[in-house]
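Before any comments, here is the structure.
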Amino acid sequence: MKLVVTEKNDAATKIATLLGVKKPKADKVYSTPVYRFEVDGEEWVTIGLRGHILEPDFTPTLIYKKRGGWRGVTAEGEAIPAQLPASLARPPFKKKKPFIEDGVELKAWKMDALPYLIYAPIEKLPKEKEIIRSLKNLAKKADSIVIATDFDREGELIGSDALSCIQEVNPTAPVSRARYSAFTKEEITHAFSNLVELDTNLASAGASRQDIDLIWGAVLTRYLTLVKFAGYGNVRSSGRVQTPTLALIVARERERLAFIPEDYWVIKGAFDAGATAGPTAGDELAFTAPHSTARFKDEAAAKAAMAAVSGAASATVAAVEKRTRKQQPPVPFNTTSLMAAASAEGLSPARTMRIAESLYMDGYISYPRVDNTVYPSSLDLAEVVKTISGNPAYAPYCQQLLSAGELHATRGKKETTDHPPIYPTAKATPDDLAPADYKLYNLIARRFLATLSDAAVVEGTKVTLEVGGEHFAAKGDVLVTPGYRAIYPYGMKKDEQLPAMSEGQQIAFNGAECTKKHTEPPARYSQGKLIQEMEKLGLGTKSTRHSIIERLYTVKYIQNDPIEPSQLGMAVCDALDKFAPHITHPQMTAELEEEMDNIAEGRNTKDAVVTNSRNLLSEQLANLLPHSEEVKDALADAVAADAYVGKCPKCGKDLQIRVSQKTRGMFIGCAGWPDCDVTYPLPKGKVESLPDPCPTCGMPQVKVTAFRSKPRTLCIDPNCETNKEPDVVVGECPKCAEAGKKAKLIAQKNPRTLKRFIRCENYDECGVGYPLPQYGAITATDEVCEHCGAPMVIVTTTRGPWKLCPNFSCPGKEIEAEKKAAAKEAKAAAKKAPAKKTAAKKPAAKKTTAKKAAAAKTEEPAE
DNA sequence: GCAAGGTC
């Protein structure tokens with residue numbers, strides 16, 4: 001039996017289909033899908049891995065890997081290496097009693113142990129145990145092995161790791177490597193009839209990247225985390241890609257902080273082409289135009305221009321210029337351009353990739369991790385157009401494209417042949433997908449159609465108007481031939497139509513307005529722009545950039561979108577830039593790339609490169625360690641600044657956003673605690689401090705963003721007028737009524753906990769109470785819930801009014817949930833029919849839809 | 001409790 005190992009399940013299916021004479025048989029080894037087929041009477045099996053199946057980590061000895069975490073090192077096993085600079089030699093472990101763990105004495109402790117960690121042994125540990133088990137099971141029976149992972153450095157490494165697993169159980173079977181860069185019959189057949197050897201140099205180039213990333217990441221992350229320990233789960237990370245990315249954001253913020261705005265003046269004139277002088281009554285021929293000097297840097301010059309036009313009632317049309325220009329249709333989507341375009345539509349790159357992954361798994365779009373921007377000739381463009389024309393929103397445009405003759409697609413600059421650019425592979429309508437999923441699908445489908453379309457033609461008109469010797473320039477843009485714009489409206493400017501005018505014509509001038517403005521600092525990065533900048537600098541890969549940015553958010557180095565660094569992010573970046581500058585520059589990646597090329601070409605070895613990098617890190621750490629006090633203070637100040645909301649009214653110290661140890665909830669506490677006991681409650685959700693105090697009471701305010709809600713501004717003092725809510729009578733107590741008594745149900749808010757609820761005025765006796773959502777105005781209705789008799793109330797939030805039964809255990813809730821689930825199920829069943837995919841894909845598709853249904857369910861209660 | 005790179 002011949003065993004073919006690919007990087008992913010998808011590749012295993014495709015290769016089996018392309019090489020097998022008959023349709024391959026989908027099978028499973030343990031839980032891993034495999035594909036069996038025959039070639040010239042020989043039995044073949046393909047198995048897809050899940051990317052890397054082994055992962056390097058420090059050898060799990062006493063080096064930090066034991067229970068208790070980042071403890072220390074022994075002298076034995078982790079011997080002080082010769083390369084360790086003398087400046088890093090630490091004094092002997094100073095403890096009254098020796099610290100013994102597993103019968104071995106630790107020689108260095110926490111921070112002091114970091115220099116040893118740099119030189120700690122690394123080994124490859126299993127990461128995908130199930131896959132490894134399946135792989136070994138097949139390998140035992142294999143007569144020969146073909147490594148058919150992706151044709152790139154990581155692919156060679158993944159293949160080499162797989163081989164090391166295989167050879168543990170079958171050291172003798174001959175091994176070869178198939179190199180292909182497209183899933184076409186010719187390419188795959190060619191690759192398998194021209195097998196080569198595994199390129200061990202290329203694999204060790206990849207392995208050195210792994211080791212270097214681990215060593216630098218672990219050492220610097222542990223340094224930053226331990227230098228000012230802020231509790232478990234409060235990691236401050238650093239890495240070859242994430243830290244230079246953070247540095248980009250911080251540098252931009254610094255530019256903004258250093259920016260000195262300059263004043264300038266803008267003059268705008270009002271005109272009316274429907275009259276020769278004076279205003280006319282509200283017609284469409286009125287328009288405004290800026291002065292031909294767009295920005296007056298000098299106020300006197302602006303005033304002089306204003307004086308020159310004051311009193312004038314008419315303007316002369318000095319010139320009319322018309323110019324048509326073409327807007328070329330966009331090029332096919334690759335991962336980066338998709339993330340950038342989706343980011344402009346409000347989908348973060350990380351969310352975009354999550355959705356793209358699930359659309360791909362459900363058969364709606366092609367493979368989403370690509371650099372390629374040129375459709376391969378093997379892709380039947382017309383067939384794709386036909387497929388998606390099932391969506392009525394695209395149908396007329398698709399017809400038009402198909403009837404116009406042969407299709408021609410635009411081409412981007414990057415051309416690789418491993419995967420096609422991202423395009424739709426099945427029809428979908430808003431009914432088939434969740435709103436965000438459809439939003440992305442729609443973008444991809446429309447982009448695909450746009451790449452097959454003609455250019456749009458825009459007619460630009462520039463009219464120069466003369467008033468009292470001053471010139472004004474009116475500009476209008478009109479889309480005359482929509483071309484691709486008919487299907488791809490993203491990022492399109494609105495038409496600005498000017499009334500028809502001819503040279504020498506006199507029109508009415510209705511005065512001018514002079515406004516003082518000031519220049520703006522450079523804009524912050526949006527997530528989409530940052531992804532593009534990372535790509536330009538060679539930071540990360542198409543598959544990792546979005547997760548790197550997400551990481552910076554979770555460690556709270558950055559916030560909001562457009563991205564701004566937190567004080568902590570700036571402090572970390574500054575500290576590293578000052579004492580360990582190598583990690584803060586994209587240069588480190590560029591140098592690593594160069595070294596990896598050297599290893600791949602056989603000019604250098606992995607050992608030499610990694611040792612070199614270790615020594616470099618030792619130098620950086622030797623700079624960092626003597627300044628630990630300084631770094632510690634900077635981080636502590638930054639954390640305090642991020643948490644600061646204002647001054648304590650009782651003792652004058654800082655009020656800070658804090659996390660309760662007990663409930664894990666957030667509250668505002670005084671930095672003077674325990675001497676000062678001032679605290680304020682906070683509602684659930686993301687809380688940020690605001691610079692301006694409450695206009696009503698002068699206390700600090702915060703911005704609260706509850707889950708799936710718009711942010712709102714809140715005064716931190718629950719007793720502030722802005723937080724007072726009148727009690728609302730919402731009905732009669734059903735329990736008291738049964739007992740023959742009359743009692744009101746009242747919606748009220750507890751100022752101490754901020755919790756809102758409905759309670760019977762006779763609560764102490766009857767115990768009737770219902771919880772209410774955290775915010776939104778409460779209005780009474782005269783209805784009662786048909787299921788439980790509780791009073792129905794209307795909650796009005798920014799998302800509009802919404803009627804609800806406040807009873808948490810109302811039987812109606814379950815009935816509703818069941819209805820929803822049934823509807824989902826029906827939809828999912830209907831969706832599965834058009835997406836004709838192989839048996840292996842079905843379970844995955846099912847899983848994602850089931851997951852989505854579950855998520856929709858949990859969102860339902862909304863507080 | 002570390003990174004970055006694959007992929008689910």
Side-chain angles (χ1 to χ4, degrees), chain A residues 6-12 31-33 48-58 63-71 110 113-114 117-118 120 122 127-128 130-131 149-150 152-162 203 205-226 229-245 353-354 356-362 367-369 534 538-552 554-555 583 588-589 592 596 613 617 840-841 843-848 851:
Chain A
T6 68
E7 193 158 319
K8 44 188 167 275
N9 181 43
D10 191 52
S31 61
T32 312
L49 307 177
R50 235 143 48 192
H52 293 281
I53 54 169
L54 302 182
E55 187 174 40
D57 206 347
F58 300 108
I63 284 249
Y64 300 95
K65 290 299 293 180
K66 286 280 182 178
R67 147 190 65 82
W70 306 347
R71 282 189 179 286
K110 301 235 162 166
L114 290 181
L117 184 64
I118 299 176
I122 290 174
K127 185 174 170 227
E128 299 288 345
E130 262 305 298
I131 299 262
T149 46
D150 290 0
D152 53 27
R153 191 170 55 221
E154 294 297 328
E156 211 70 17
L157 175 58
I158 290 164
S160 148
D161 285 348
S208 56
R209 180 208 52 76
Q210 286 187 318
D211 286 4
I212 289 170
D213 282 343
L214 172 66
I215 299 165
W216 282 75
V219 168
L220 292 174
T221 298
R222 288 181 193 188
Y223 175 84
L224 291 169
T225 306
L226 295 173
F229 187 65
Y232 288 98
N234 243 330
V235 171
R236 285 191 266 276
S237 61
S238 174
R240 172 178 59 81
V241 177
Q242 62 168 268
T243 305
T245 304
M353 289 315 287
R354 270 195 297 274
E357 180 69 39
S358 103
L359 287 175
Y360 162 65
M361 279 299 158
D362 291 356
Y367 189 68
R369 285 183 284 269
M534 289 170 79
L539 291 172
T541 72
K542 58 186 183 296
S543 320
T544 59
R545 288 183 194 113
H546 60 96
S547 63
I548 299 275
I549 296 176
E550 217 180 27
R551 175 82 189 143
L552 294 176
T554 49
V555 295
I583 195 70
M588 178 171 173
T589 296
L592 178 62
M596 282 195 289
S613 186
L617 175 58
K841 273 197 179 166
K846 228 186 217 165
K847 217 163 134 197
T848 45
K851 225 192 274 165

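Lettering of chains follows the sequences in order, A, B, ..., and the numbering in each one begins at 1.
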Applying a 4.0 Å non-hydrogen cut-off, can you work out what A:G155 is touching in the nucleic acid: base, sugar-phosphate, or nothing? nothing
Minimal heavy-atom distance between A:T245 and A:M534, with the atoms involved, is OG1-CE, 3.5 Å
Nearest-angstrom distance from the residue atom CZ of A:F229 to C1' of B:dG1: 8 Å
Just checking A:G51: base, sugar-phosphate only, or nothing, at a heavy-atom cut-off of under 4.0 Å? base
Base, sugar-phosphate, or nothing for A:P56, non-hydrogen atoms under 4.0 angstrom? base
As a test of reading the structure: which of B:dG6, B:dC8, B:dA3 is closest to the side chain of A:M361, going by heavy atoms? B:dC8
Can you tell which of B:dG1, B:dC8, B:dG6 lies closest to the side chain of A:V235? B:dG1
A:Y360 side chain: which of B:dA3, B:dC8, B:dG6 is closest? B:dC8
Measure CZ/A:F58 against C1'/B:dG1 and give the value in whole Å, please. 13 Å
Residues two or more places apart in sequence or in another chain: which of them pass salt bridge (charged side-chain N to carboxylate O under 4.0 Å, His left out) with A:R551? none
Please find the pair of heavy atoms, one from A:F229 and one from A:R236, that lie closest to each other, and give the distance. N-NH2, 4.5 Å
Separation of B:dG5 atom P from A:M596 atom CE, nearest Å, is 9 Å
Base, sugar-phosphate alone, or nothing: which one does A:K127 contact when heavy atoms must sit under 4.0 Å apart? base
A:K8 NZ - B:dC8 C1' separation (whole Å): 12 Å
Heavy-atom nearest nucleotide on DNA chain B for A:T225 versus A:Q242: which residue maps closer to 5'? A:T225
What's A:I548 touching, base or sugar-phosphate or nothing? Going by heavy atoms closer than 4.0 Å. sugar-phosphate
Per atom distances to the A:R551 side chain, the nearest of B:dG6, B:dA3, B:dT7 is B:dA3
Among B:dA3, B:dG5, B:dT7, find the nucleotide with the atom closest to the side chain of A:D150. B:dT7
Minimum-distance nucleotide (side-chain atoms of A:E55 versus B:dT7, B:dA4, B:dC8): B:dA4
So does A:R240 get a side-chain nitrogen or oxygen closer than 4.0 Å to the phosphate oxygens (OP1/OP2) of B:dG5? yes
B:dT7 OP1/OP2 closer than 4.0 Å to side-chain N/O of A:Y367: yes
Looking only at the side chain of A:R369 (C-beta and beyond, no hydrogens), which of the listed nucleotides B:dA3, B:dG1, B:dT7 gets closest? B:dT7
Can you name the closest pair of heavy atoms from A:I53 and A:A162 and give their distance? CD1-CA, 3.9 Å
Rounded to whole angstrom units, what separation is found between the CG atom of A:D57 and the P atom of B:dA4? 15 Å
A:S238 and its side chain to side chain donor-acceptor pair (under 3.5 Å) partner, picked from A:T221, A:T225, A:T243: A:T243
Rounded distance (Å) that lies between atom P of B:dA3 and atom CD1 of A:I118: 16 Å
Can you check whether any acceptor in the base of B:dC8 is under 3.5 Å from a donor in the side chain of A:N9, or vice versa? no
Rounded to whole angstrom units, what separation is found between the CG atom of A:L220 and the P atom of B:dG1? 20 Å
Nearest-nucleotide wise, let me know which of A:G231 and A:T541 is further upstream toward the 5' end of DNA chain B. A:G231
The salt bridge (charged side-chain N to carboxylate O under 4.0 Å, His left out) partners of A:D150 (sequence neighbours excluded) come to A:K8
Using whole Å, report how far CD of A:E357 lies from P of B:dG6. 14 Å
Does OP1 or OP2 of B:dG6 have a side-chain N or O of A:S543 closer than 4.0 Å? yes
